[in-house]
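In what follows, a single structure is set out as structure tokens and then discussed.
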Amino acid sequence: MVGAIPFDIAAPCALRAPLSATFTVGPIRPNEADAVLPTVTTVVADPSGDEHVRRVRRLVERIKSGELDKVVAARSLLVTCEDTISPMALLHQLVALDHVGNGFSVDLAPAGPHWEGRALVGASPEVLIRREGNEVSCWPLAGTAPRSHDPAIDAERADTLLQSSKNLHEHAFVVDWLREQLSPLCESLIVAPQPTLFPTPAVWHLGTPIRGTLRAPSISALDVALAVHPTPAVGGTPHQEALRAIREIEGDRGFYAGAVGWCNAEGDGEWMVAIRCAEVYRNTARAFAGGGIVDGSDPDEELAETSVKLRTLLAAMGVSDATVR
Ligand SMILES: C=C(O[C@@H]1C=C(C(=O)O)C=C[C@H]1O)C(=O)O
């Protein structure tokens with residue numbers, strides 16, 4: 001089984017059971033010849049940056065009132081090009097920018113007629129779940145700070161993130177959720193006592209490695225992915241209340257903040273959180289980014305965080321964020 005699970009697990013998945021599959025170990029190496037993308041004509045924020053700030057402000061009020069503890073607010077940029085965007089070309093460009101050579105391109109057509117001709121393309125840093133035999137592992141990320149080209153500033157930002165009570169609080173909701181969801185499935189579970197720094201080319205994250213031994217060999221990677229998804233790294237706490245608020249504010253997220261990956265006949269597999277990605281359709285790419293909102297979140301900083309997270313995808317398409325309105 002290979003493909004994508006949407007953010008809303010009640011919606012149809014884009015999964016296929018291929019007749020054959022090719023596995024290669026190691027990073028995908030970009031192929032320059034396949035990486036030609038058309039010229040970008042417009043980039044339109046949806047919602048606008050101002051509207052995102054207003055949404056975050058209202059969410060902080062709802063959190064202060066006790067209705068929610070954490071909720072992830074996301075926005076998108078609709079990038080329009082002169083010509084059709086090849087998902088593979090975008091994948092190659094993204095992988096060329098990713099130091100670990102990690103990326104995905106998923107045909108969404110198996111999810112139904114609306115998804116015909118649409119693909120989800122991205123390079124996610126976040127492992128939702130990996131299973132190898134009885135062993136499962138997760139590496140949730142939550143809590144973010146922008147990187148700097150200046151090594152001293154970069155190190156200082158990393159240090160501040162590691163000490164930030166707001167970010168540690170935001171991170172803890174994700175670890176608590178995974179512990180709760182994985183405990184019934186695992187006979188033993190090792191959760192690192194503290195988060196550590198997790199770098200991507202654009203941002204620092206807080207990450208906590210989690211490892212467990214499954215209770216039964218019949219529990220597949222897909223079963224575990226469905227048991228933990230969506231984590232509060234993309235949803236929120238309390239779980240149902242946060243998902244309801246997201247739907248009410250943002251509408252249907254489609255496959256953004258879902259999961260992409262595979263599961264084989266033995267039940268082994270790997271699922272990544274579908275972030276740092278875009279939905280490609282004809283000559284458009286809708287790129288998404290979100291961030292966790294808790295009590296104490298600053299709306300302008302949250303907008304800036306989504307802009308930094310969008311930067312890699314825009315760079316892959318040849319756009320500098322100065323062009324974004
Ligand atoms: C929701 C996104 O990222 C998630 C949210 C994070 C945060 O709030 O700090 C960090 C990593 C991801 O789990 C995204 O990139 O769109």
Side-chain angles (χ1 to χ4, degrees), residues 7 45-47 52 55-56 59-60 63 68-77 94 98 102 104 120-129 138-147 157-158 160-162 164-178 195-210 228-237 242-243 246 249-250 253-260 271-279 286-299 301-314:
F7 176 68
D46 176 20
H52 187 73
R55 288 179 180 182
V56 171
L59 283 169
V60 171
I63 291 166
L68 297 160
D69 294 316
K70 173 180 177 176
V71 61
V72 174
R75 66 187 189 102
S76 73
L77 296 178
L94 274 173
D98 188 280
N102 185 15
F104 57 85
L120 193 74
V121 183
S124 171
E126 188 168 357
V127 179
L128 179 67
I129 111 105
C138 307
W139 203 306
L141 306 177
T144 304
R147 303 288 308 262
R157 287 184 184 166
T160 308
L161 177 66
L162 208 46
S164 154
S165 51
K166 179 231 152 207
N167 279 285
L168 290 165
H169 179 59
E170 192 181 321
H171 186 84
F173 289 114
V174 188
V175 175
D176 289 349
W177 165 263
L178 284 165
T196 48
L197 289 165
F198 187 101
T200 78
V203 290
W204 289 106
H205 286 308
L206 294 177
T208 297
I210 298 176
V228 299
H229 170 73
T231 78
V234 290
T237 310
L243 297 187
I246 291 168
I249 297 163
E250 294 172 25
R253 285 181 172 176
F255 286 85
Y256 160 66
V260 292
W271 294 87
M272 303 293 290
V273 182
I275 51 173
R276 318 297 144 82
C277 62
E279 192 188 301
R286 185 178 289 279
F288 296 90
I293 312 302
V294 290
D295 190 3
S297 293
D298 176 277
E301 278 175 22
E302 292 302 328
L303 176 66
E305 180 177 320
T306 54
S307 300
V308 175
K309 286 173 173 170
L310 287 160
R311 208 177 275 162
T312 313
L313 229 136
L314 290 179

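Read the numbers this way: they start at 1 and go in the same order the structure lists the ligands and their atoms.
Taking all heavy atoms of E126, K70, R75, H171 into account, the minimum distance to atom 12 (C) of ligand 1 is reached by E126. Summarising the contacts of atom 1 (C) of ligand 1 with Y256, W204, F288, the nearest heavy atom is found in Y256. Considering A233, A142, A73, P230 only, the shortest heavy-atom separation from atom 5 (C) of ligand 1 involves A233. The heavy atom nearest to atom 14 (C) of ligand 1, out of those in G290, P232, S76, is found in G290.
Ligand-side atoms of ligand 1 in range of E170: 7 (C), 8 (O), 9 (O), range being under 4.0 angstrom from any heavy atom. For ligand 1, the atoms sitting less than 4.0 Å from at least one non-hydrogen atom of G291 are 8 (O), numbered in the order shown with element in parentheses. Heavy-atom proximity to R276, at under 4.0 Å, picks out these atoms of ligand 1: 3 (O), 11 (C), 12 (C), 14 (C), 15 (O). Less than 4.0 angstrom separates some heavy atom of E305 from each of these atoms of ligand 1: 7 (C), 8 (O), 9 (O). Using a 4.0 Å cut-off to heavy atoms of A289, the atoms of ligand 1 that qualify are 16 (O). Set against the non-hydrogen atoms of G292, the atoms of ligand 1 under 4.0 Å away are 7 (C), 8 (O).
Listed for the R147 side chain is no donor-acceptor partner under 3.5 Å among the backbone atoms of P201. Checked by atom type and distance alone, the side chain of K70 never pairs as donor or acceptor with a backbone atom of F173 at under 3.5 Å.
Under the ring pair (Phe, Tyr, Trp, His ring centres under 6.0 Å) criterion, H229 pairs with no residue at all, not counting sequence neighbours. Taking the ring pair (Phe, Tyr, Trp, His ring centres under 6.0 Å) definition, one finds that Y256 meets it with F288, sequence neighbours left out.
Residues S307 and R75 form a side-chain contact, since some pair of their non-hydrogen atoms from C-beta on lies under 4.5 Å apart. Contact of the L59 side chain with the I249 side chain is registered, since non-hydrogen atoms from C-beta on lie closer than 4.5 Å.
R253 and S76 form no side-chain donor-acceptor contact under 3.5 Å, judged by distance and modelled atom types alone. Between T200 and H205, the side chains place no donor N or O within less than 3.5 Å of an acceptor N or O (distance only, hydrogens not considered).
In this structure, G143 is part of the shell of residues with a heavy atom less than 4.0 angstrom from ligand 1.
Between V72 and ligand 1, not a single N/O pair is under 3.5 Å apart.
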Checklist entry - Under the side-chain contact (heavy atoms from CB on, under 4.5 Å) criterion, do D69 and V294 qualify, and how do the steps go? => result CA-CA 6 Å; D69 294 316; V294 290; over 6 Å; no
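If you check which protein heavy atom lies closest to atom 9 (O) of ligand 1, you get T144 OG1, 2.5 Å. In this structure, atom 6 (C) of ligand 1 lies nearest to the protein heavy atom K309 NZ, 3.3 Å.
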